[in-house]
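Notes follow once the structure below has been shown.
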Amino acid sequence: MKHSNGGLVYSTESGRMCPGCRQPVTACTCKTGTAPIGDGNVRVARQTKGRGGKAVTLVKGLALDAAALAALGKALRTACGSGGTVKDGVIEVQGDHCDRLMEELTKLGHRPKRAGG
């Protein structure tokens, strides 16, 4: 059985091509059916382990797809006035912002719980 990692990347007719479904990116259907990552139990925790003593607030368990999770992450970082990222379904906000994030998530209709110590 032959596996091909190559394929059409760009076409002058339709532009960029999706490597998964080999359709034009504008008509790509392989990413529209992505399932939410989280389990729906929203947990907010503060972590310093492995970060050189610097605190990071983590928001886990949100049942959102990748695009909605990225948008929520941006909104939460803006509300805290801080930086951060979204990795593997977890929103990371730099600094200790547990209480502020719990307020914001409650305003947005989620039911967050405090996790950790």
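Being a predicted model, the structure only gives us computed values, none of them experimental.
Using a 4.5 Å heavy-atom cutoff, the side chains of Cys98 and Arg114 are in contact. Counting only heavy atoms from C-beta outward, the side chains of Leu62 and His110 approach each other to under 4.5 Å.
Residues satisfying the side chain to side chain contact (heavy atoms under 4.5 Å, CB included) criterion with Lys49, sequence neighbours excluded, are Gln47.
Under the 4.5 Å side-chain heavy-atom criterion for Ile, Leu, Val, Met, Phe, Trp and Tyr, Val86 and Leu101 are members of the same hydrophobic cluster. At a threshold of 4.5 Å between side-chain heavy atoms, the hydrophobic network of Ile, Leu, Val, Met, Phe, Trp and Tyr places Val42 and Val90 in two separate groups.
A distance-only check finds no donor-acceptor pair linking the side chain of Thr57 to the backbone of Arg46 [under 3.5 Å]. A donor-acceptor contact shorter than 3.5 Å is absent between the side chain of Ser82 and the backbone of Val93. Although no hydrogens or angles enter the test, the distance criterion places no donor-acceptor pair under 3.5 Å between the side chain of Arg111 and the main chain of Gly109.
Annotation: the span from Met102 atom CE to Thr106 atom OG1 amounts to 6.0 Å, rounded to 0.5 Å. Here the CG atom belonging to Leu72 is positioned 9.5 Å from the CZ atom belonging to Arg77, to the nearest 0.5 angstrom. Separating the CG atom in Leu105 from the CD1 atom in Ile91 is a distance of 7.0 Å, to the nearest 0.5 Å.
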**Item:** Arg100/Glu104 under salt bridge (charged side-chain N to carboxylate O under 4.0 Å, His left out): CA gap, chis, key distance, verdict
**Value:** CA-CA 6 Å; Arg100 180 76 179 136; Glu104 288 296 319; 3.2 Å; yes
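Shown here for Val44 and Pro112, the closest heavy-atom pair between the two residues is CG2-CB, 4.1 Å.
Salt-bridge check for Lys60 with Glu92: failed, with every basic side-chain N at 4.0 Å or more from each acidic carboxylate O.
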